[in-house]
Amino acid sequence: MTPLERIKRLASDKLKLDAEQIHVDTALDQLGVDSLGLIEFLFLVEDEFGIRLPQEHDALQTVGDVLALVGARIPASAPAPE
Amino acid sequence: MRRVVVTAMGVVSPCGNWPGPLFDNLLGGISGITRLPEALGSRLATPFAGQVTESLSDHAILRGRAALDRFAALALMAADAALRGGTAGTLDPDRTGVYFGTGMGGACTVETGYDDLYLRHRDRVAPFSVIAAMNGAAAAQVGLAFGLRGGTLTVSSACASSSMAVGEGFRAIRHGYLDAVVAGGAESLLSYGVLKAWDSLGVLASGRLEPASACRPFSADRTGLVLSEGAAVLVLEELDRARARGAEILAEITGYACTADGQHLTRPSASGQAQAMRQALQDARLKPEAVGYLNAHGTGTVAGDATETQAIRLAFGDRAPQLPISSTKALHGHLMGAAGALEFAIAILALRAQTAPPTAHLDQPDPACDLDYIPDGARALATDHVMSNSFAFGGSNAVLIASHPSGSN
């Protein structure tokens with residue numbers, strides 16, 4: 001499963017979002033969640049990939065931005081969940 | 001005094017939903033109690049419960065909602081079922097309250113947090129554990145989803161919670177504080193810690209039982225209650241406003257009372273329960289013989305069912321043996337804080353269908369429960385008034401009466 005697929009699954013399972021509507025260029029403020037939902041989403045991403053995103057979220061505008069940070073921060077040894 | 005009517009209802013339950021097959025399942029004796037997943041059930045003496053099996057992913061009302069414990073998700077689904085079809089748009093948001101009952105609210109979110117901290121030795125819990133787990137979350141989420149601003153109120157009086165939420169909503173409209181209330185209850189406690197806590201209390205059905213027939217209210221071989229999850233919502237409106245907007249009127253709420261035994265935390269008192277039934281009858285200005293169906297609290301515990309039988313005798317006197325009574329918990333189990341709203345909704349469905357659901361699994365008559373508990377299938381009714389009892393740990397008693405909307409249509 002690619003990182004994007006894992007993010008889609010999180011959004012679908014945990015926030016009941018329509019995974020089909022989530023793409024690399026989807027703006028985070030167009031995900032269909034409010035400010036609390038976005039924080040919850042980023043927390044779930046951190047848990048999923050075993051990373052910590054920066055406290056300041058301003059640099060994160062799109063799903064692609066999150067994926068780039070995931071790629072940069074994910075330890076090479078981190079196991080993918082089953 | 002202003003009159004209060006029920007104009008819509010929504011239920012999500014292990015025994016089916018409303019709108020949906022809920023009432024047919026109750027009439028047909030189809031149980032919603034099933035075995036818990038092996039990982040959970042293998043560690044429990046009573047490995048079954050009433051579980052809502054439908055997927056939550058298909059519900060647009062839940063899409064993208066943050067900080068959502070399962071009990072609040074079920075509340076949203078029930079509210080959506082009640083308000084779907086345009087009702088929400090006809091309510092004045094500033095004059096519409098949201099009143100919910102729940103026993104333990106987001107206990108599963110709390111348990112997940114403890115699991116993370118103590119079992120997985122993680123250094124953090126989910127960021128919104130507090131606002132997901134708070135007992136007020138169901139009312140808050142429903143108010144938020146439908147833009148209702150008349151105030152959100154949460155009642156937590158154990159198993160009488162949502163009867164009181166409906167009753168207090170009724171009073172708020174009757175006395176002019178609000179014109180409408182989205183009232184109900186929600187509960188989802190099927191986590192290991194909570195199930196174990198109930199198990200420890202010694203009130204769960206136990207022994208060699210099949211899940212579907214484990215809960216046996218008023219039967220001599222009853223051994224206890226079965227926990228369930230679900231939510232029920234009733235839309236209450238002031239009669240003239242409901243009429244003005246051409247709403248379908250399902251029933252009028254005519255009576256409500258709540259009392260406390262003032263005696264014991266867990267041992268129920270027949271006199272306290274009877275007092276609640278008497279006061280509800282007085283509130284509705286009805287004589288006992290006017291009531292034609294009673295949805296009993298009837299949890300299936302040895303002491304509880306016998307005490308309720310005594311209480312009904314005290315409240316209804318000579319009329320008690322003629323009153324058709326059933327406990328639908330035999331089929332849907334005990335929804336705890338959501339039980340009262342669910343069972344009042346069922347009583348209204350019985351009133352409208354002029355048919356009472358039976359008490360399923362009442363195979364062995366108990367001399368201590370010697371009233372007409374409708375043991376042998378659905379019963380035709382001819383009545384304008386139905387009652388629903390809810391009695392709770394803490395000695396809290398709540399009784400609601402609904403009446404045929406003739407004269408209110």
Side-chain angles (χ1 to χ4, degrees), chain A residues 1 4-23 25-58 60-63 66 69-70 73-75 78-82, chain B residues 12 39 52 54-81 106 108-110 112-117 119-134 136-138 140-147 188 231:
Chain A
M1 197 179 273
L4 178 60
E5 285 167 344
R6 287 163 69 181
I7 279 177
K8 284 179 158 192
R9 190 183 61 181
L10 278 182
S12 170
D13 289 355
K14 305 290 187 183
L15 288 164
K16 312 284 182 277
L17 295 171
D18 182 358
E20 297 304 310
Q21 301 299 316
I22 298 173
H23 310 284
D25 57 357
T26 302
L28 295 179
D29 61 9
Q30 297 297 315
L31 272 178
V33 295
D34 63 11
S35 57
L36 296 183
L38 183 57
I39 294 170
E40 191 159 294
F41 172 71
L42 295 174
F43 178 89
L44 292 167
V45 169
E46 289 185 341
D47 270 7
E48 171 76 11
F49 295 98
I51 60 169
R52 293 293 165 96
L53 297 169
Q55 288 289 317
E56 190 56 59
H57 293 148
D58 285 356
L60 300 176
Q61 298 292 329
T62 65
V63 170
V66 176
L69 272 174
V70 166
R73 287 165 187 261
I74 194 165
E82 292 157 23
Chain B
V12 178
V52 172
E54 66 183 285
S55 165
L56 271 54
S57 299
D58 305 331
H59 291 270
I61 190 76
L62 306 181
R63 198 153 291 156
R65 292 199 186 277
L68 197 62
D69 184 274
R70 187 172 167 86
F71 97 105
L74 297 176
L76 279 165
M77 288 159 62
D80 189 40
C108 291
T109 291
V110 174
T112 300
Y114 288 159
D115 194 89
D116 283 342
L117 289 178
L119 204 61
R120 300 175 199 277
H121 300 291
R122 299 183 50 180
D123 62 351
R124 65 179 192 175
V125 297
F128 302 129
S129 298
V130 169
I131 48 178
M134 62 187 184
Q141 291 274 8
V142 169
L144 187 67
F146 295 97
S188 179

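The figures that follow rest on heavy atoms only: side chains count, while hydrogens, waters and symmetry mates do not.
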Under 4.5 Å to a heavy atom of chain A? For B:Leu56 that would be both
Residues passing the side-chain contact (heavy atoms from CB on, under 4.5 Å) test with A:Val66, sequence neighbours excluded, are A:Ile7, A:Leu28, A:Leu42, A:Val45, A:Leu60, A:Val70
Listing needed: what donor-acceptor pairs below 3.5 Å join chain B with chain A?
residue	atom	partner	partner atom	Å
B:Arg63	NE	A:Lys16	O	3.4
B:Gly64	N	A:Leu15	O	2.6
B:Ala67	N	A:Glu40	OE1	2.9
B:Ala67	N	A:Glu40	OE2	3.4
B:Arg122	NH1	A:Asp47	OD2	3.3
B:Arg122	NH2	A:Asp47	OD1	2.7
B:Arg122	NH2	A:Asp47	OD2	2.8
B:Asp123	OD1	A:Arg52	NH2	3.4
B:Arg124	NH1	A:Glu46	OE1	2.7
B:Arg124	NH2	A:Glu46	OE1	3.2
B:Arg124	NH2	A:Asp47	OD1	2.9

Between A:Leu36 and B:Ala66 the two heavy atoms that sit nearest each other are C-CB, 3.7 Å
Taken in chain and number order and not counting sequence neighbours, the residues that satisfy side-chain contact (heavy atoms from CB on, under 4.5 Å) with B:Ala231 are B:Leu74, B:Ala78, B:Ala186
If one checks every heavy atom of B:Ala126 against chain A at 4.5 Å, the contacting part turns out to be both
